[in-house]
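Residue numbers start from 1 in every chain, and the chains themselves are labelled A, B, ... in the order their sequence lines are given, proteins ahead of strands.
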Amino acid sequence: MNQISLNKVYDICSQFRCLIFSACLVVIFILFSVLPIQAKEYDSINISNPFLNKTPIAITKFKAFNGSDAENTDGIKAEQILKDALAFTGYLKVLDSVTFLSNPAQTGIQLGQINFKDWTGIGADLLVTGGIEEKDNLVRLKLRLFDTLNSKLLVGRVYTGTTSQDIRRMVLLFCSEISHTLTGNWGVFNSKIAFVSTVNGHKEIFVCEFDGHNPKQITHHKSISLSPSWSSDGQWLSYVSYANGKPDIYIKNLKENRGAIVNYKGSNLSPDWVPGQLNLAASLSFSGNQEIYLLTKKGEITKRITNSLGVNVSPRFSPDGKKIAFTSNRGGTPQIYIKDLESGDVERVTFKGRYNTSPAWSPDGKKIAYVGIVKNKINIFIVNLASGQGMPVQLTMNQKDNEDPSWSPDGSLIVFTSNREGGESKLFVMTSAGMDQRRLLTLAGKQTQPYWSRSTSFKN
Amino acid sequence: MKKKMWINFMAVMLVAGLFMTVSCAKKTIVSEHATIEDQADVNTKNLAEQERIKAQEQHDQMIKEQALKDAKSVAAKNRFANQNVHFDFDNSQLSPMAKTLLKEKADWLSANAEVSVIIAGHCDERGTTEYNIALGERRAVAAKNYLLNLGISGSRLTVISYGEEKPLDLGHTEAAYRNNRCAQFVIN
């Protein structure tokens, strides 16, 4: 039944394809969406469970429909991108293909052609089959996710691109489908990470994809540029730069050449975008004291948020935009506080230790990751807000200094800075339970202050 | 006759010899006299030379004194620019030592009324980027406020914080950290 509707929908869509292709406007077309996703029949994976056992997933070789060299080469490339992307998630365990008992690339990649016992037999709970077809200057990927225990097709998609350059994009779109099917969340695959990197002794803002792929330099101030922050729609970056001699906030639209500079007297620091709006919070010191304010994207002050002598810095909005976490030393040492924007109430979040800064709110709003210094060691901690003043959980330890936590849009991962390898600060990623700590990307110089974008529309 | 002439010749030679001996002795005295005259001549010349040297020395002394004054001024200026006001970890309060140093800086600023300065706040690399910029600003402001209270005009004092972004000491030791926790004075 699945197979029939798959082919049927596909045929209908092929007819539309000519029309769309002649329009020639978009690089990648999603030619069909199949079948209601049967995620409900698969136990949803709770990605924020710290005791999560990774779900074993088998990824087959790609079937080359015409058997051309290009198909074979691109098929291997697509298979590798798929494996790397799914392994990156932290909740899937990609099985070694050496153990595979059958080869769907030869015997067929559709539902009726799979012998599920071959897959349950090697411990694969999930199976992804792939096929590649290159003809008429089009590259087509056919991808399916199966539940091997229930012999079910969970999601199937066909993607068409115009060059083999589109393969990565197409594979990642399917990874988003897999994530949505398994977790109910579109995942990390269409997200980006902004960060600071040194270039010839200067600090510039960079952007890379979720897995560290394709790092690009965004600013060229040849100065000190810091604290990048994404708008919810991923179209705007705000950051701090000393380009005019002192710290000012720069607001920049990434696609169009427009923006604003917030350059009040004194320091203009640590911008963070209001979720779902093009407004910001930031720490400004023009009054003589460092206070947090709300600003429009043109830099006009709309509201003062803090009113407390001492440092008030690093505002971070709760995902619903109703609260702001920030760092303040109003109690004598830097600690993390939360201000409720409606009631005006302020509560202190961290009590353990004499130095807790750099809050980062989890996407579900239930936790705050932060940086704590204990006995001269700088590490990343998480405090659970739901359970009241719970004991903080330490995510990094005995690996030199670890700073600047930022959550992935699905809350499953945290990107951070560490000098554990060679003493220079580099970007690392770990699960939100502190597992699988690994380098995000290899780039010359020092990298700091990663800020993970929200999940923009996964089809974007 | 030949014999008499020979004797005469011998006598002349003898007298001449005697005479020459005497005249030699006399000549030594003359010579001595000439030396004294020469010496007098030299003395006259020396007097002019000495006056010239004296003038030169006075001039040199003046230059030296000026140089010393300049050196003192440069040293004071250098001291002003190079002596940083230090702080404890995660702290922007002025220690007694910091206050002594700031009084000295206020004196120098009073004596050099045309100078304006940038007070740059710095932090050690421990701690986090954004908090450190805020902390560095508080250090620089603490130094500025102290100078304001000592009568230095605020229009001469600009504050900027670099946090941990421009460490003065690139080391990673406690000593380096101590050097980097400071307010630095940069003459504009």
Exercise answer: donor-acceptor pairs, residues 119-128 of chain B side-chain atoms, under 3.5 Å, sequence neighbours excluded:
{"from": "H122(B)", "atom 1": "ND1", "to": "K166(B)", "atom 2": "O", "distance (Å)": "3.3"}
{"from": "H122(B)", "atom 1": "NE2", "to": "Q184(B)", "atom 2": "OE1", "distance (Å)": "2.9"}
{"from": "D124(B)", "atom 1": "OD1", "to": "R126(B)", "atom 2": "N", "distance (Å)": "2.9"}
{"from": "D124(B)", "atom 1": "OD2", "to": "R126(B)", "atom 2": "NH2", "distance (Å)": "3.0"}
{"from": "D124(B)", "atom 1": "OD2", "to": "R181(B)", "atom 2": "NH1", "distance (Å)": "3.0"}
{"from": "E125(B)", "atom 1": "OE1", "to": "H172(B)", "atom 2": "ND1", "distance (Å)": "3.0"}
{"from": "E125(B)", "atom 1": "OE2", "to": "H172(B)", "atom 2": "ND1", "distance (Å)": "2.8"}
{"from": "E125(B)", "atom 1": "OE2", "to": "Y177(B)", "atom 2": "OH", "distance (Å)": "3.0"}
{"from": "R126(B)", "atom 1": "NH1", "to": "N376(A)", "atom 2": "OD1", "distance (Å)": "3.0"}
{"from": "T128(B)", "atom 1": "OG1", "to": "T357(A)", "atom 2": "OG1", "distance (Å)": "2.6"}

- [ ] Anything in residues 237-247 of chain A with a heavy-atom distance to chain B below 4.5 Å? Please list those residues in order.
- [x]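 Residues Y242(A), G245(A), K246(A), P247(A) are the ones that qualify, each having a heavy atom under 4.5 Å from chain B.
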Are there over 12 heavy-atom neighbours, none belonging to [X], within less than 6.0 Å of that residue's [atom1]?
{"X": "K446(A)", "atom1": "NZ", "answer": "no"}
{"X": "Q93(B)", "atom1": "CD", "answer": "no"}
{"X": "N149(B)", "atom1": "CG", "answer": "yes"}
{"X": "K426(A)", "atom1": "NZ", "answer": "yes"}
{"X": "N188(B)", "atom1": "CG", "answer": "yes"}

In terms of heavy-atom pairs under 4.5 Å with chain B, which of [options] leads?
{"options": "Q290(A), Q449(A), E403(A), R354(A)", "value": "Q290(A)"}
{"options": "G310(A), S358(A), G266(A)", "value": "G310(A)"}
{"options": "I378(A), I224(A), I373(A)", "value": "I224(A)"}
{"options": "S227(A), G288(A), S283(A), S267(A)", "value": "S267(A)"}

Open item on the list: Side chains of E137(B) and S285(A): any donor to acceptor distance under 3.5 Å?
Closed with: yes
Open item on the list: Please report the interatomic distance OG1(T129(B)) to CG(L269(A)), rounded to the nearest 0.5 Å.
Closed with: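 Taking OG1 in T129(B) and CG in L269(A), the distance rounds to 11.0 Å.
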Open item on the list: How long is the straight-line distance from CD of E165(B) back to OG1 of T448(A), given to the nearest 0.5 Å?
Closed with: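 If we round to the nearest 0.5 Å, T448(A):OG1 and E165(B):CD are 7.0 Å apart.
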- [ ] Just jot down the salt bridge (charged side-chain N to carboxylate O under 4.0 Å, His left out) partners of E104(B), sequence neighbours excluded, or say none.
- [x]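 Here the qualifying residues are R79(B).
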TODO: Scan residues 281-293 of chain A for pairs that pass salt bridge (charged side-chain N to carboxylate O under 4.0 Å, His left out), counting only residues two or more places apart or in two chains.
DONE: E291(A)-R304(A)
Open item on the list: Quick check on V311(A) against chain B: is it the side chain, the backbone, both or neither that has a heavy atom closer than 4.5 Å?
Closed with: both
Open item on the list: Just so I understand: if I count every heavy-atom pair under 4.5 Å between each of I133(B), T158(B), V159(B) and chain A, which residue has the most?
Closed with: I133(B)
Task: Heavy-atom proximity to chain A below 4.5 Å, by part of F89(B) - done: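 The side chain, not the backbone.
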